[in-house]
Protein chains: 2
Amino acid sequence: MSKYHHGDVRNVLLQQAENILIDEGPAGLSLRRLARLTGVSEAAPYRHFDGKDGILAAVAISAFERFAEQLEVAAASTENHEERVMALGAAYVQFAVENPQHFRLIFGRERPPLDQYPELRDAADNAFDVLQRAVTSVDRKAEMTLTEAATAYNRALAAWSRAHGIAMLVIDGMIVPPADQELSNFVLGLLAEDLTIPASA
Amino acid sequence: MSKYHHGDVRNVLLQQAENILIDEGPAGLSLRRLARLTGVSEAAPYRHFDGKDGILAAVAISAFERFAEQLEVAAASTENHEERVMALGAAYVQFAVENPQHFRLIFGRERPPLDQYPELRDAADNAFDVLQRAVTSVDRKAEMTLTEAATAYNRALAAWSRAHGIAMLVIDGMIVPPADQELSNFVLGLLAEDLTIPASA
DNA sequence: GCTTTAATGTTAACGAAGTTAACATAAGAA
DNA sequence: TTCTTATGTTAACTTCGTTAACATTAAAGC
């Protein structure tokens, strides 16, 4: 009787870790519990990962990759700059709402330190590159002056900020999207909101 | 020799907890360490607080109160609606930047559950009331129709979202405010950014 | 095929943490 | 003064992250 576990422990651990993370967050992800659930000894995970941070890093990497993919899809959905920014913001929030724990993991402070996990840093950089490229690149025909480029950059930050804020506030329950409306419509409405007063009497 | 500690243990614990929280966050706040630092037995904190969450709740309550105060100051700084929204946003981000750990505590998931700490819930509600009142109340003379009210509410959410996003991204180091610029100016610039494209050719 | 070695498991231990129970002392009410 | 309550203390229990020491499997070299 093979008392030892065979091959695929690493992947099983990762999948189980995802499951725990999804419904309890990083706090609930205990290595010992993970090992127990996986049916493996309590020290086994350490053969495959660099401790708890190692597992979180692995999960975070795949989360970043999915995040970047979905952003790219949104960015590719239209050629129009304004529409693209909106689509990106909606995709950004949608990812957060559909994967709140992953979103918190990749942005929060329980994310393992980037300088200790180069692959994690790469994954993060890539995701934000996608974001920034898609927001800053206006239609290619238009050559930009320097000030135009600065404006575009500021716009990117502003768009990113609002999307991030909506995402955070929604997954933290501070904003409750109306039940009778598509989430994406609600988000798009917020994203498009212009704060400048039209013309005060 | 009085082996026992005298009166003010609760306040000393709270102050020490603040100190730990400020430079290590809730994760580094261990009850045992807190007790050791305060020079009191390891079980003593349980006589004054409902466990770790109890201490975090107490700290969060005072954080909410300071937050609300500063928002009110900003809201009272001007009568003009647009300026008020901007000032509020700047104050919001400023609080986050000056008190990142407190900001994370009151918004993040390590915040004790609101339904278990009524005073915490009250403090939170009050802060957001201040926010919403200040953002949605346009000049009183103008009576609002229903759709105008809805628009004002949406604007409040949009403004709040962007301020929150900026705050989060800045304290998480994802956005680095330019060193050669006042933080408030940077924030005001972002808050005022309109995403709609002027007039595409 | 046999032996050596690296990879992968296991058990057992250490220290730190949150929490609670059982007990001790102080302070105030009766 | 005595009884009661608030406040401390010590000691224990459980869980956790992590590591050391040992066991087994599988692969590489001969």
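Treat the numbers as computed from the prediction; the structure is a model and nothing was measured. So that the names make sense, note that chain A is the first sequence line, chain B the second, and so on, each numbered from 1. What you see below is based on every heavy atom in this structure, not just the backbone, and it leaves out hydrogens, waters and symmetry mates.
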| Value in whole Å for how far the P atom of C:dA17 lies from NZ of A:K52 | 15 Å
| query | Could you give the CZ-to-C1' distance, from B:R47 to C:dA24, as a whole number of Å? | reply | 11 Å
| In terms of the angle between their ring planes, are B:Y92 and B:F67 parallel, tilted or perpendicular, with boundaries placed at 30° and 60°? | perpendicular
| task | Would you mind reading off the distance between B:R32 atom CZ and C:dT19 atom C1', rounded to a whole angstrom? | result | 9 Å
| request: Return the value, rounded to whole Å, for the distance between atom CG of B:D50 and atom P of C:dT20. | output: 8 Å
| said: Distance check needed: D:dT9 C1' versus B:E42 CD, whole Å only. | reply: 11 Å
| Atom CG of B:L34 and atom P of C:dT19: how far apart are they, to the nearest Å? | 12 Å
| message | Output the rounded distance in Å from CZ (A:F49) to P (C:dA7). | response | 17 Å
| message | Less than 4.0 angstrom between a side-chain N/O of B:S30 and OP1 or OP2 of C:dA16, yes or no? | response | no
| query | With a 4.0 Å cut-off on heavy atoms, is B:L29 in touch with a base, just the backbone sugar-phosphate, or nothing at all? | reply | sugar-phosphate
| query | Are A:F107 and A:H102 an aromatic pair by the rule of ring centers under 6.0 Å? | reply | no
| request: With heavy atoms under 4.0 Å as the rule, sort A:S41 into base, sugar-phosphate or nothing. | output: base
| request: Answer yes if the side chains of A:N126 and A:D129 hold a donor-acceptor pair under 3.5 Å, and no otherwise. | output: no
| said: If I take atom CG in residue A:D53 and atom P in nucleotide D:dG17, what distance separates them, rounded to the nearest angstrom? | reply: 11 Å
| request: Starting from the 5' end of DNA chain D, give me the residue, A:G28 or A:A43, whose nearest nucleotide shows up first. | output: A:G28
| request: Check whether any side-chain N or O of A:H48 sits under 4.0 Å from OP1 or OP2 of C:dG9, and answer yes or no. | output: yes
| said: Tell me whether B:R109 is salt-bridged to A:E110, with the criterion being a basic N under 4.0 Å from an acidic carboxylate O. | reply: yes
